[in-house]
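Single-structure report; data block below.
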Amino acid sequence: MKYVIIGNSIASVGCIEGIRKTDRDGSITVIGEEPYRTYCRPLISYLLMGRTTEEKMAYRDERFYSDNNVTCITGKKAIKVDPKQKLVTMEDGSSVPYDKLLVATGSRPFVPPMVGMDRIRKKFSFMTLDDAKTLEQSLTRHSRVLIVGAGLIGLKCAEGILDRVKSITVVDLAPRILPSILDETGSELVRKWLEDRGLVFHLADSVAEFLDDTALLKSGTVVPYDVVVLAVGVRPNTELLKEAGAEVGKGIKIDDRCATTIPDIYAAGDCTESHDITIDQDRILALLPNAFMQGECAGSNMAGQEALFDKAIPMNAIGFFGLHVITAGSYIGDDRLYQSRNGYKRLFIQDGLLKGYILVGDTVSRAGIYTSLIRNKTPLEDIDFELICASPQLMAFARKDRAAKLGGVQ
Amino acid sequence: MKRVYVNEQWCLGCHLCEYFCAFANSGQSDMARALKDAVICPRIKVEEHDGISFAVNCRHCTEPLCVKSCIAGALSVKDGLIVIDQDKCVGCFSCIMSCPFGALMPSDTGVMQKCELCTSNSAGKPACVQGCPNRAIVFEER
Ligand SMILES: Cc1cc2nc3c(=O)[nH]c(=O)nc-3n(C[C@H](O)[C@H](O)[C@H](O)COP(=O)(O)OP(=O)(O)OC[C@H]3O[C@@H](n4cnc5c(N)ncnc54)[C@H](O)[C@@H]3O)c2cc1C
Ligand code: SF4
Ligand code: SF4
């Protein structure tokens, strides 16, 4: 059996581990455009902060490829998938035949056209290790950094570099920060926390025009800058399979076995659409755990098993300068708000199920117990609702369920 | 694999397991000196409510959601045991978001800690179990 994987990141590693659980012998070839073995993409901001090193950022240890007997072609881009001949062609014209193929091409930055972009001398995205390295090289103690985008990536970048630059200004069209994961209360709270550390925000605003070292905002504000980071959004890399004839929406369409609409071709990670069980709809969930678990599921199925990944939900753990935020699921149904000393908690309940939560500050501990209620669609009538609302705890489960969880009783 | 299992009906709620855990992982040889006046940060936690109590630590899951969710590759499976490389951990709390048992918590240095069944300290076998006066937690194959 010849397995080929396009993309050498998290979903790819999940796939390798999934395949090798059952098939030790089939050949595995990984084609990765980036010139590195798999590194932890979310750590690029921690690298700039000095909280990790390039060596420690490796997702798996240095024996991973040899232990798993994987042929790794790095620094090369796949440009064509031919499902009839079962062949992947690379940009240098060479090709690799496959029996089972995984497409795990992730996503790339989406950069909307803005007036005067060509006048920015130091302009970066913040998606890859090379982005982080080149950004780092251009920063000095005197840099005035303008970040376009107050989402997860833009703000993690800000956290990563704040200590080594003069100033950071963040501009976003949305009226509040982190709108995809936080409610208004949370956005406010995190924004104030970041402002206290020196970040300057211009929200509900956008860049009208870039001049040589100033940006003119729609509101009329003038922001001087030396370095610009564009973190507006990401787009899934779907082209390879679209051209091959697979069904593609916003992301590559897959079923709960992570199979695409083309036989023997699977897809996983940020390039796909996941089925979010909290709203029963397909959507892009560009998250590391999701990428790993989809990759693992695809790998098992490529190796002939019957694996399902049918528990996808949005979930994010993110922290800035010691303030932690954990969120999951969808913010639908009735909600319950609990203030705490240094943060708050909001739970969302619909049809007797926990559908989502927002935990900010001192409410984050043991959050996974809440996550499990969402993932497993645990009927809230089966557990002690008041206890579980008070704090995530196993005490809220029935005695027999506790016996199963803690006593190994089936 | 041998794991720590809970016999809830035997738990006295005495919290000794927590103290034995904190001591075993303190790197010190004298229990009194290690724990006196210290705020302990054990890897096993006793839940209590309405006269019921039980201790919770890592289940060493066969499908460990913490490992699959770790953004730093700091958690891994070693012969069935779920271990953490604290040197790689960046303290992002993704594992806390994912563990269905609430079994990871920040250590006093900010990176995560979890029960490794006393394989990475000098206790030999789980100190919590050795310290439990009533066999409310046991270390066995089930
Ligand atoms: C700054 C930052 C912080 C993040 N923080 C978090 C976080 O805290 N928590 C979280 O859950 N997620 C986070 N994420 C998201 C997370 O990194 C992604 O969900 C995850 O990396 C997705 O993995 P993947 O394998 O699907 O694809 P990717 O990691 O995107 O990798 C895809 C790979 O495929 C390669 N590739 C693409 N096309 C081709 C081709 N044609 N031929 C060959 N190779 C190709 C690319 O070069 C790339 O290396 C963060 C992302 C960023 C950028
Ligand atoms: S930390 Fe939690 S998820 Fe990880 S193995 Fe232990 S119990 Fe399972
Ligand atoms: S806190 Fe540490 S161990 Fe937990 S997910 Fe983050 S990096 Fe991994």
Side-chain angles (χ1 to χ4, degrees), chain A residues 10 13-14 38-43 45-47 49 51-52 56-61 287-290 292-293 296 315-319 322 324-328 359 364-373 375-376 384 387 390-396 399 402-403 405-410, chain B residues 1-9 11 45-50 52-61 63 65-74 76-77 85-106 110-112 136-138 140-142:
Chain A
I10 308 299
V13 168
T38 306
Y39 64 88
C40 299
R41 189 169 308 288
L43 296 203
S45 66
Y46 295 86
L47 178 70
M49 240 192 302
R51 291 260 298 272
T52 188
K56 283 192 218 164
M57 277 172 79
Y59 188 48
R60 292 293 184 259
D61 66 27
L287 300 166
L288 184 141
N290 207 57
F292 181 85
M293 290 189 272
E296 191 182 35
M315 51 180 184
N316 276 280
I318 191 162
H324 288 280
V325 173
I326 304 185
T327 63
L359 309 174
V364 294
S365 54
R366 307 189 84 191
I369 296 176
Y370 285 152
T371 312
S372 75
L373 296 177
R375 285 184 93 231
N376 299 331
D384 188 324
L387 272 187
S391 67
Q393 52 188 307
L394 301 183
M395 189 67 81
R399 184 182 289 266
R402 292 202 299 267
K405 286 175 193 299
L406 298 173
V409 181
Q410 292 310 312
Chain B
M1 191 182 93
K2 276 174 130 187
R3 289 181 169 80
V4 173
Y5 292 107
V6 176
N7 296 321
E8 179 180 310
Q9 66 280 19
C11 179
K45 287 273 166 73
V46 177
E47 286 193 24
E48 287 170 297
H49 178 71
D50 238 0
I52 301 173
S53 62
F54 50 83
V56 182
N57 60 351
C58 171
R59 303 289 89 209
H60 295 277
C61 303
E63 291 292 331
L65 292 173
C66 59
V67 174
K68 298 174 201 250
S69 302
C70 176
I71 67 163
S76 61
V77 190
D85 180 346
Q86 290 188 319
D87 218 29
K88 289 188 78 171
C89 171
V90 294
C92 72
F93 283 48
S94 295
C95 50
I96 292 191
M97 164 185 82
S98 296
C99 170
F101 301 94
L104 299 110
M105 65 290 291
V111 298
M112 288 305 133
I137 39 177
V138 292
E140 60 189 38
E141 198 102 31
R142 278 195 182 171

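Labels below follow one simple rule: chain letters A, B, ... track the order of the sequence lines, proteins then strands, and each chain is numbered from 1.
Proximity to chain A is limited to the side chain of Leu65(B), based on heavy atoms less than 4.5 angstrom apart. Heavy-atom distances place both the backbone and the side chain of Tyr59(A) under 4.5 Å from chain B. Interface residue Glu48(B): only backbone heavy atoms are found under 4.5 Å from chain A. For Arg402(A), the part lying near chain B is the side chain, with the backbone staying farther off; criterion is any non-hydrogen pair under 4.5 Å. Of the atoms belonging to Asn376(A), not a single heavy atom falls under 4.5 Å from chain B. Of the two parts of Met97(B), the backbone and the side chain both hold a non-hydrogen atom closer than 4.5 Å to a non-hydrogen atom of chain A. Contacts of Leu406(A) with chain B are made by both backbone and side-chain atoms, with heavy-atom separations under 4.5 Å. Of the two parts of Cys92(B), the backbone and the side chain both hold a non-hydrogen atom closer than 4.5 Å to a non-hydrogen atom of chain A. Of the atoms belonging to Cys70(B), it is backbone heavy atoms, and not side-chain ones, that fall under 4.5 Å from chain A. Heavy atoms closer than 4.5 Å to chain B are found in both the backbone and the side chain of Met395(A). Looking at Leu359(A), there are no atoms closer than 4.5 Å to chain B (heavy atoms on both sides), in backbone or side chain.
Here the CD1-OG1 distance, from Ile96(B) to Thr371(A), works out to 11.0 Å after rounding to the nearest 0.5 Å. Interatomic distance, Ser69(B) OG to Asn290(A) CG, rounded to the nearest 0.5 Å: 9.5 Å.
Contact count versus chain A (heavy atoms, under 4.5 Å) is highest, among Ala72(B), Ala103(B), Ser98(B), for Ala72(B). Top candidate by heavy-atom pairs under 4.5 Å with chain A, chosen from Lys45(B), Arg142(B), Met105(B), is Arg142(B). Taking chain B as the reference chain and counting heavy-atom pairs below 4.5 Å, the highest number among Pro42(A), Ser372(A), Gly407(A), Ala367(A) is found for Gly407(A). Options Lys56(A), His324(A), Arg51(A) differ in how many heavy-atom pairs under 4.5 Å they form with chain B, and the most are formed by His324(A). Comparing Asn57(B), Val90(B), Val56(B) by heavy-atom pairs within less than 4.5 Å of chain A, the highest count is held by Val90(B). Most heavy-atom pairs under 4.5 Å with chain B: of the set Arg375(A), Lys405(A), Met293(A), this distinction falls to Lys405(A). Interface check for chain B: of the options Val325(A), Leu288(A), Leu394(A), Ile326(A), the most heavy-atom pairs under 4.5 Å are formed by Leu394(A). Between chain B and the options Met57(A), Glu296(A), Arg60(A), heavy-atom pairs under 4.5 Å are most frequent for Glu296(A).
Identified under the side chain to side chain donor-acceptor pair (under 3.5 Å) test for residues 85-97 of chain B, with sequence neighbours left out: none.
Between Arg366(A) and Glu47(B) there is a salt bridge, since a side-chain N of the basic residue sits under 4.0 Å from a carboxylate O of the acidic one.
In this structure Glu141(B) satisfies the side chain to side chain donor-acceptor pair (under 3.5 Å) test with no other residue, sequence neighbours excluded.
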